[in-house]
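Inspection log for the structure reproduced underneath, given as structure tokens.
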Amino acid sequence: MLDIRLIREDRAAVERAMVSRGMPNALAPVVEADERYRSLLRESEDLRAQHNQASKELGRSKEKPQHLLDELRLMGERSAELQRQTREAKDTLDALLLELPNLPHPSVPQGADAADNVVVRMVGTPPAFDFAPLPHWEIGERLDIIDFARGVKLSGSRFYVLKGLGARLQRALIAFMLDLHTKSHGYREVYLPFMLHRECMVGSGNLPKFADNLYHDAEEDYWFVPTAEVPLTNLHRDEILDGASLPLYYAAYTPCFRREKMAAGKDTRGIKRGHQFDKVELYKYVRPEDSDAELDRLVADAEDVLRQLGLHYRVVQLCTGDLGFASCKTFDLEVWAPGSNEWLEVSSCSNCWDFQARRANVRFRPDPNAKPQLPHTLNGSGLALPRVLIAVLENYQQPDGSVLVPEVLSRYM
RNA sequence: GGAGGGAUGGCCGAGCGGUUGAUGGCGACGGUCUUGAAAACCGUUUUCGCGCAAGCGAACGUGGGUUCGAAUCCCACUCCCUCCGCCA
């Protein structure tokens, strides 16, 4: 959520930011709702102050004449009506504010969509094959470690079963990543609920706008995590953190559930895009002045996984038009998959500034006597499992049809 | 699922329907004293909104209701605790 005061004070700048994200004219209704709310609020509070004052005097005096009681009752009724209108105006304003995306960071390249994203760097080299490398769905079926048919039997399209060493490889990758981030990069591992209250989805920015990409249980109103970013954003909801405890680094493994309603036939081959996938997520709460540097470190921490696995990848900076809703600046990591012959997004590292902290009401006190302020939050995959699994299978495949396991995983396999 | 008890400020814990945003204690912070510290003593100490400001408004689990006036009365819900039942 954007700070309404920023919109009041520098509307033109926010307007430009919205335009750069492909959302012209987003602000006018917000400004209008804000003005209506504030004028109602003033009127309502004035009347209530008057009512409070009169009521207090009545309480102090011994006599309680009927005409005064009647007068006060009427005033109370008018006041209640004004309060109702004010609350309505506030709800309208909040609903509009919740639909506005974050502002882009000034350093983000301008652009309309993914085509304008910028490759920042390439790392490593693609493997050389003296045979035609197979895509992972063929490798997986030949080795009987990925079972597509039975996944579909159980749950339909976009589901699969990992078997034997396939399941084992995924588990090894999860353990490797968690160990790396907790032992070498300073993150604290957390195990989280996979079903959350509705308000968590609002806090992270997934609701109200992106409900159609989420699964939820209507009976209990539980929402399934689409990423650990959601519970991690809400971990400190409605808290005032001790400034001395910042920065906080969290690493969490969770499954992720996504409806992926897009095009029915898109990316259905293999395990690249499923309704359920595993991910290790990295998350930070930091002081505002540190968030730029913290994003760079977050990207480096995620990259370290790919580097240690010996995989060829590139770092892509998203342009203004392709930024996620809550993000002000994002770098994607894309790993090379020689069998599928494409770059696969395995991580998306974002600085969200105070956008999520404001929604989730997370604050910190810089000093024991200072006023609370909003921290910045950052999140990044470290990394998404199925696509790393794909990359390992396709990059490490051998002429005889077997697959070598990267050195760093040997102790986990 | 059944029965009972509870929810107040960072924590503990008061609170006849009317200067109670809320007594008191602990903790924390500032000060006095001390070579320094402890002890003692003095003081400060919730958060949010509107407003240039003075100031005003809101919040005692949540939502409603009664009343001129609700932390205090009524209703519903949520969560926690104890006991019983069931159970990975």
Side-chain angles (χ1 to χ4, degrees), chain A residues 1-11 30-98 191-203 216-223 231 234-246 248 255 285 354-375:
Chain A
M1 189 157 67
L2 296 180
D3 186 353
I4 184 67
R5 279 167 296 199
L6 180 66
I7 299 175
R8 284 174 201 155
E9 283 158 24
D10 199 351
R11 177 177 174 176
V30 177
V31 171
E32 195 181 316
D34 180 45
E35 278 163 7
R36 174 175 159 74
Y37 162 63
R38 278 193 295 167
S39 108
L40 275 169
L41 181 66
R42 255 188 121 141
E43 198 184 340
S44 163
E45 288 191 347
D46 283 352
L47 184 59
R48 198 195 279 225
Q50 213 179 317
H51 186 249
N52 283 350
Q53 176 66 24
S55 186
K56 214 173 260 182
E57 276 166 23
L58 181 67
R60 269 195 292 260
S61 80
K62 271 176 263 168
E63 290 147 45
K64 310 213 181 323
Q66 190 56 45
H67 77 274
L68 231 173
L69 292 178
D70 290 345
E71 196 180 306
L72 277 182
R73 185 170 53 249
L74 283 176
M75 196 189 277
E77 277 162 15
R78 254 186 302 143
S79 174
E81 170 59 18
L82 263 176
Q83 281 170 55
R84 200 189 54 74
Q85 287 179 23
T86 307
R87 199 175 329 120
E88 235 174 63
K90 176 80 163 104
D91 290 346
T92 303
L93 173 61
D94 286 344
L96 288 167
L97 277 175
L98 286 174
Y191 170 82
L192 301 155
F194 304 155
M195 294 144 74
L196 304 167
H197 284 140
R198 169 185 296 265
E199 55 191 325
C200 295
M201 293 292 169
V202 176
H216 85 285
D217 167 46
E219 202 158 22
E220 307 270 354
D221 203 31
Y222 278 130
W223 295 72
N234 288 275
L235 196 60
H236 296 296
R237 193 180 63 222
D238 296 325
E239 290 181 28
I240 299 176
L241 302 166
D242 179 0
S245 71
L246 298 184
L248 286 168
Y285 294 85
D354 58 14
F355 187 84
Q356 290 179 322
R358 184 173 294 106
R359 287 172 90 105
N361 191 32
V362 180
R363 288 164 296 166
F364 76 102
R365 207 182 289 281
D367 296 298
N369 288 320
K371 286 189 72 85
Q373 59 171 281
L374 297 166

### Query
Does a sphere of radius 6.0 Å around NE2 in A:His51 hold more than 12 heavy atoms from other residues, nucleotides or ligands, not counting ones at 6.0 Å or beyond?
yes
### Task
Just compare B:G51, B:C56, B:G69 and give me whichever is closest to any side-chain atom of A:Glu45.
B:C56
## Note on the structure
Considering only heavy side-chain atoms of A:Tyr37, the closest of B:C56, B:C68, B:G49 is B:G49
To the nearest Å, how far apart are [X] [atom1] and [N] [atom2]?
X	N	atom1	atom2	result
A:Leu69	B:U66	CG	C1'	15 Å
A:Arg73	B:U67	CZ	P	8 Å
A:Arg42	B:C56	CZ	C1'	10 Å
A:Arg198	B:U78	CZ	C1'	16 Å
A:Glu43	B:C50	CD	C1'	14 Å
A:Arg48	B:G49	CZ	C1'	12 Å
A:Leu58	B:G17	CG	C1'	13 Å
A:Glu239	B:C11	CD	C1'	16 Å

Looking at [N], which nucleotide sits across from it as a Watson-Crick or G-U wobble partner, both distances under 3.5 angstrom, or is there none?
N	answer
B:G27	B:U45
B:G21	none
B:A7	B:U78
B:C73	B:G65
B:C52	none
B:C83	B:G2
B:C60	none
B:A39	none

Between [M] and [N] - [atom1] atom distance, rounded Å:
N	M	atom1	answer
B:U47	B:G10	C1'	13 Å
B:C68	B:U62	P	25 Å
B:G25	B:C79	C1'	28 Å
B:C80	B:C42	P	43 Å
B:A14	B:C73	P	15 Å
B:C50	B:C12	P	32 Å
B:C81	B:C75	P	25 Å
B:C56	B:G5	P	42 Å

How would you label the contact of [X] with the nucleic acid (heavy atoms, under 4.0 Å): base, sugar-phosphate, or nothing?
X	value
A:Lys90	nothing
A:Asn52	sugar-phosphate
A:Leu41	sugar-phosphate

So does [X] pair up with [Y], basic N to acidic O under 4.0 Å?
X	Y	value
A:Arg78	A:Glu81	no
A:Asp94	A:Lys90	yes
A:Glu32	A:Arg36	no
A:Asp91	A:Arg87	no

### Task
Taking A:Arg359 for its side chain and A:Leu98 for its backbone only, find out whether a donor-acceptor pair lies under 3.5 Å.
yes
### Task
Kindly say if A:Lys371 contacts the phosphate of B:U46, meaning a side-chain N or O under 4.0 Å from OP1 or OP2.
no
### Task
May I ask you to verify if any side-chain N or O of A:Arg87 is less than 4.0 angstrom from the OP1 or OP2 atom of B:A58?
no
#### Entry: A:Ser79 side chain to A:Gln83 side chain, donor-acceptor N/O pair below 3.5 angstrom
yes
### Query
Any side-chain donor-acceptor pair under 3.5 Å between A:Gln50 and A:Asp46?
no
### Task
For the pair A:Arg48 and A:Glu45, evaluate salt bridge (Lys or Arg N to Asp or Glu O under 4.0 Å) and give the outcome as yes or no after the intermediate values.
CA-CA 5 Å; A:Arg48 198 195 279 225; A:Glu45 288 191 347; over 6 Å; no
### Message
Parallel, tilted or perpendicular, judged at 30° and 60°: which one describes the rings of A:Tyr285 and A:His236?
### Response
perpendicular
### Query
For residues 358-367 of chain A, which residues have at least one heavy atom under 4.0 Å from RNA chain B?
A:Arg363, A:Arg365
## Note on the structure
Judged by nearest nucleotide, the residue sitting upstream toward the 5' end of RNA chain B, A:Gly76 or A:Gln53, is A:Gln53
